[in-house]
Amino acid sequence: MTVASPRLVLRGRDITAEAISAAVIVLLVVVAATTSDTFLTPVNLTNLLKQMVTTGLLAFGMLVVILTGGIDLSVGSVVAFSGILAAGLSAGLPIPVAMVVGVAAGIAFGLVNGTLVARFGLAPFVVTLASLTTIRGLAFVYSEVPVTPSDPAFLSLGSAMLGPIPLITVIMAVVFAAGGVFLSRTPAGRSIIAIGGNAETVRLAGINVRKHVILAYAISGACAGLAGVVLASRVGIAQPSVGVAFELDAIAACVIGGASLAGGRGSVRATFGGVLVLVLINNLLNLYGVQSFWQQVLKGLIIIVVILVRRK
Amino acid sequence: MTVASPRLVLRGRDITAEAISAAVIVLLVVVAATTSDTFLTPVNLTNLLKQMVTTGLLAFGMLVVILTGGIDLSVGSVVAFSGILAAGLSAGLPIPVAMVVGVAAGIAFGLVNGTLVARFGLAPFVVTLASLTTIRGLAFVYSEVPVTPSDPAFLSLGSAMLGPIPLITVIMAVVFAAGGVFLSRTPAGRSIIAIGGNAETVRLAGINVRKHVILAYAISGACAGLAGVVLASRVGIAQPSVGVAFELDAIAACVIGGASLAGGRGSVRATFGGVLVLVLINNLLNLYGVQSFWQQVLKGLIIIVVILVRRK
Amino acid sequence: QDDGKQTIGVANFLLSGPYFSGMDKAIAAQAKKKGNVEVISTDANGDAAKLASNVEDLLSKNVDAIIISGGPLESAPAALNAIKQAGKPVVLVDRKFATGEYTSWIGPDNKAIGVQNGQFLAKQLADGGKVGIIKGGPADNSIGLARTEGVKSVLGTAQGITLVEAPDFGNWSSDGGLSVMESLLAQHGDLKAVFCENDAMCLGAQRAIADAGKAEQIVIAGVDGQNEALKAIQDGTNYLVTGLNDADEIGSKGLDRAVEILGGAQVEKDTVVPSPMVTKENAAQYYDPNGSF
Amino acid sequence: MSLVLRGVTKDYAGVGVLHGIDLEGHFGEVLAVVGANGAGKSTLIKILAGAQPMSAGEMLIDGEHVRLRSPHDAHQRGIRTVYQELTLVPELSVTENLLMGDFPRRRGLIDWPAAHDRAAKLLESIGFGTIDPRTPAERLTVARQQMVEIAKALVTEPRVLILDEPSAVLSGRDLDSLFALIRRLQERGVLVIYVSHRLAEVLDLATSIVVIKDGRVIETTEPSRTSEDDLIRHMAGRKLEQIYPDRRSEPGETRLTVTGLTRAGEFDDVSFTLRAGEVVGMFGLVGSGRSELARCVFGAEPATAGSGAYGSPAEAIAAGLALVTEDRKRTGLVLGMSVRDNIALTTLKGPLIDLARQRDQIGGMIDRLGIRPAGCAPMSVEHLSGGNQQKAVLAKWLLRNPRVLLLDEPTRGVDMATRVEIYRMIDTLARDGVAVLLISSDLTEVIGASDRVLVMAHGRIVGELRSDQTSEDEVLAHSMGTLT
Ligand SMILES: Nc1ncnc2c1ncn2[C@@H]1O[C@H](COP(=O)(O)OP(=O)(O)OP(=O)(O)O)[C@@H](O)[C@H]1O
Ligand SMILES: Nc1ncnc2c1ncn2[C@@H]1O[C@H](COP(=O)(O)OP(=O)(O)OP(=O)(O)O)[C@@H](O)[C@H]1O
Ligand SMILES: O[C@@H]1[C@H](O)[C@H](O)CO[C@H]1O
Ligand SMILES: [Mg+2]
Ligand SMILES: [Mg+2]
């Protein structure tokens, strides 16, 4: 409905989305640094690094699903389930094992979502809306009350620092780096992107479309499971009610980063940019002491402005 | 990804979706009537009639937007804003006027959403995700605290009965009936459907695509505004925090009714069927005394089963 | 009814919070104790209209009385009207509705809890200092507002004490408390104490304080008496105090109240359940590791 | 009474596509526009249709300056266009696609019975009466959809009717109906602007011919003063020695044996073999089941009975098969992706893709097939002209060195010079031992480029003829069931 505007191309790659995201982020950072004494303090920067982790992990998984032309609304519920499962199991199992089982639960939910979408051809929106409801229920069925792991070692994942960088931020960065390579350099990653563009063409090219779609949801489930475990470890308490509406920020990050919800289009780097934009907006509004509901008003408006600016 | 299965066609119209929805509903009703003493009692039936109103109104508006290939995530926030505005204004204005203004506010939000989508070519998902946030904030800006209309007449819309039928159910039925005629028999309605199928073709036919897309969002806004006013009147108090996640049930109703989130495909009747399915599921789970968290687990699973059954 | 069996309906506005599910459980447990009382529990999952229809559902099942656990809902006039029309008694637990007619209410004095916390902190910070406040939200939640108001009424006038209210809400949850506390710490590294409108948020805040290495510097005050908080208090951490807002007690008393009313007793309209201050000294008395909340 | 373009130029983001086009068409005339793939024909037509603004230049109708701001503007002036790409709304009925926005109404509401009636009459009046107006467009074959597209342009009688390669998907009787229709319109004083790569029909229909090359008009002529060879020479900028290569095949081992293959409702009891080194043509009228057969052999749809078909495309590919489908946009390309990524689809190899190697390999294939514009590898494939898109699809499959190549309408929308290249390529592949099945609705091609021709009708193979011993008439007669 709009006319194509000039694109920025670097070595044959269209980097308009990345460039605009980068510009928006630089702008936000400059505004923040010059108008707030607190912004550049080590404490605040560490906060930023920690606060981007959950949205970041979810956004990467969401991007993979969005690339196939799907969507995963269930991630917030998976965060709750995986977190409370890992916390609960840590009473009887070694902590790393409990955490891996938490992530594995996320993968399992992803496989179910993916199978319903790919094998039975159901609409991703409703499948994951239904599983959002079911998985949330299961989290409460597992434990109605928050679970506090008795072993304080459960907290170390969430609080360890690698030099000035929180370990969980490093984990997220690794996910993004590996994810970038996966999508741009592996046959599976390329197939996932192509499927979002035209699944039939991909099928006729001899690529197993179902398998790749299921893989995409499993990746999203894995990211959500990891985010749940990380969050539980960070807070030190796993709550069945955590994660409501987390999917919205994850989707917003992808779209701010220029991903198309129709599939086939989206960049790992720009999605990370989208995560930064959201985290910066929240941080700024807090630093300025903007009242909670005015924060909501402004957050929505800022998102509109950002996507207006980076609009193709 | 799936092979087309046989379709039911009546006088040139494909009624497969309607037929399957009808079958599912009949099945649910028969199960309910034979297994629960309470289901067929007048009180429970009246209850059902009331319970379908909010989801019903929102689902119709949502359907119109979905037909254009869009989505409106902001409806829950509009419910809150319109309700609290109407309740607030009822202190100084005649109640019907206050209520109309509440609905008008919904239309205004719809116009903004529609303009951002149609005029600026932004993705509906993010536009309405952002306005979900902003409008929720505005509801709190309007009144941080719940508003209780002093005049008890404010409650009459929500409690009046037309014979055995609640007035608000009649209102919803009128919306569906008028909506059905609008979509099947008016040029504007047909244009909205056609836009979801292929916007470019519609534009080439000399039809103003933007205008119709904006109209669709305005209709959704109007329905959400009406739902908000009705809800405030039914509950007797308007709270800025109501309506969270209402959009999900509305979308689920449309998709259970066979609407395609890609646009162009969806039926008013089948959407109403989708609303009934959701309301019946809730009612049944309540009648059987299923524990709340298990209700969530089952609700998700039943939705999956229903869309599996009605899958094309 | 003839066999003396009574049915009581419970309308929960929102079960998915540990406090509320704890209360729901307490009501059911108390009914079981009584032997001849059956409880039908419903959950509106945060939807006010659904609460109204759940109440209508319960009435259609001809329950003898209704208990409403309204949580963040400020009132439900239509539901109260329906109950009144059906001629049934309604007992409110925890949440007292701002408007509408009810038979009886049992719950805490939220302002008093706040005052109590304020007084404790004032004593603790004899030399003055900065006190952070973390609210649950949303802005229309009068329970939280009353608690904060109580704290402010004391500390607002106390010598040398400055109050900083976090702009963002902690959503009554531990993860919310954690991130709000982080932002608070970024701007106010010199905090001496923090008050949260409930324990869940305090538990998250305590983590953020520990991560920032300020456990020695900042003390914590909460509300509710959630198990984890009682344990932290008992263990002698920087979590110093909470105001007991016992879901078990309020729930079971609510059930008792409904039964009394059905028995024809003349009952008090509003009953405030006292909220004793829990500190290291008396925490053992309240801490039940196997309790549901 | 004329339509005149003067000095029309067009560029996309600074890249010139049209460079000063001058053109004059008179009412009551059939003006043919011909040119190689990417010459700018479709772009020119989009400008005439008001769908794209010109960068510079002017347009005059009956001597009066007009500026078209939108397709609607063009409609108002009686200019109607049938685009190269189908533009129907798939979910809607034929009626609705035809009358869109202009329905008969009763008491303000659309009168559907009257609307269907009107649509049926319209279809009838232009010779497409076999189409049921109540059918959703998506349930029609491509050919029928094309007819609906044409009918749509005639709902209100146009003064100018623009047809961009309307015959590419039509054959047999449908093609005859179209030509008859064009002649009737011409007699009624309509200016028909006709774009086609099928030069024989251009010479047959047109009253004047404009040849475009690289965005410029390089020749304006009339059928009586030119010939196919002549036109090709202008379009290609050189003379084409010979269109079809001399096939002298000595078939080797059998590469594909299909026996009694059936897919209920599509085709029935089909048996044939393909041998190394031979090119087998397959002709049939639209809807005869050829595409379904090819898809089924390739494993894209399951067979109901018979043997010879593969279980899935992956299996077929592993066995050395390749399928160039008939609808490049829907099943041949991922439109949002680059030319390179599209071509790479069949050869993705892991764990990590060697990007440098991929670039070289694909660059080489782009050069070999002469996909234009040069250096298009990183471009989005949707920005290529139709013919070049087709070459990109071919490139994707040739990269796999297939042993059996199934080509479904491989020259649809492809210009003459490129066709010749494709025929030569088919020939070379066959000489290297590839077995080729060439499905085509172009009679001349199917006979000229193959060793033998299978004829399909109503889902069955009804005849097999040696290409050097048959004639177009004979093949056509078989396909219409007038011969057995
Ligand atoms: N939107 C666009 N952006 C950039 N280049 C474009 C765009 N549309 C067309 N082109 C280029 O313009 C040139 C002319 O394309 P056009 O479609 O007009 O060719 P054509 O003569 O119709 O070819 P064909 O016979 O293959 O249909 C091509 O090189 C094409 O790549
Ligand atoms: N007259 C017709 N009208 C509509 N559909 C038809 C007609 N004849 C056959 N079909 C359908 O067309 C399909 C077979 O067409 P297919 O595409 O395989 O044929 P084709 O010979 O390749 O023709 P095309 O050139 O259209 O590809 C079948 O689904 C069949 O039901
Ligand atoms: O009183 C309760 C509890 O304090 C709970 O923690 C949150 O909701 C309030 O209503
Ligand atoms: Mg063209
Ligand atoms: Mg075909």
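Note that these values count all heavy atoms, side chains included, but never hydrogens, waters or copies made by symmetry.
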Using distance alone, with no hydrogens and no angle criterion, decide if A:D249 and A:T55 have a side-chain donor and acceptor under 3.5 Å apart.
-> no
Side-chain H-bond candidate by donor/acceptor type, D:T325 with D:D327, under 3.5 Å =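 No, no side-chain donor-acceptor pair sits under 3.5 Å.
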Heavy-atom nearest pair, A:F60 first then A:V175, reads CD2-CG1, 3.8 Å
Shortest non-hydrogen contact from D:A137 to D:L88?
->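 Between these two residues, the closest heavy atoms are CB-CD1, 4.0 Å.
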Among [options], which residue has the highest count of heavy-atom pairs closer than 4.5 Å to chain A?
options	value
D:K396, D:R400, D:R340, D:M337	D:M337
D:S380, D:A300, D:G375	D:A300
D:N342, D:L323, D:L345	D:L345

Interface check, chain D: of A:A262, A:G263, A:A205, most non-hydrogen pairs under 4.5 Å belong to A:A205
Can you tell which of A:G196, A:A194, A:G264 has the highest number of heavy-atom pairs within less than 4.5 Å of chain D?
->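 Heavy-atom pair counts peak at A:A194.
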Which portion of [X] sits near chain A, non-hydrogen atoms under 4.5 angstrom:
X	answer
D:I317	side chain
D:Y12	neither
D:S312	neither
D:R328	neither
D:D341	side chain

Candidate pair A:S131 and A:N113, rule side chain to side chain donor-acceptor pair (under 3.5 Å), full reasoning | CA-CA 7 Å; A:S131 61; A:N113 282 334; 2.8 Å; yes
Between A:L204 and chain D, which part of the residue has a heavy atom less than 4.5 Å away: side chain, backbone, both or neither?
-> both
D:E326 CD to D:R290 CZ distance, which is reported to the nearest 0.5 Å |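 So the gap between those two atoms works out to 8.0 Å.
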What distance separates D:Q390 CD from D:T411 OG1, expressed to the nearest 0.5 Å?
->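 Separation between the atoms: 8.0 Å.
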Please answer whether the main-chain N or O of D:L384 pairs with a side-chain N or O of D:Q389 as donor and acceptor at a distance below 3.5 Å.
-> yes
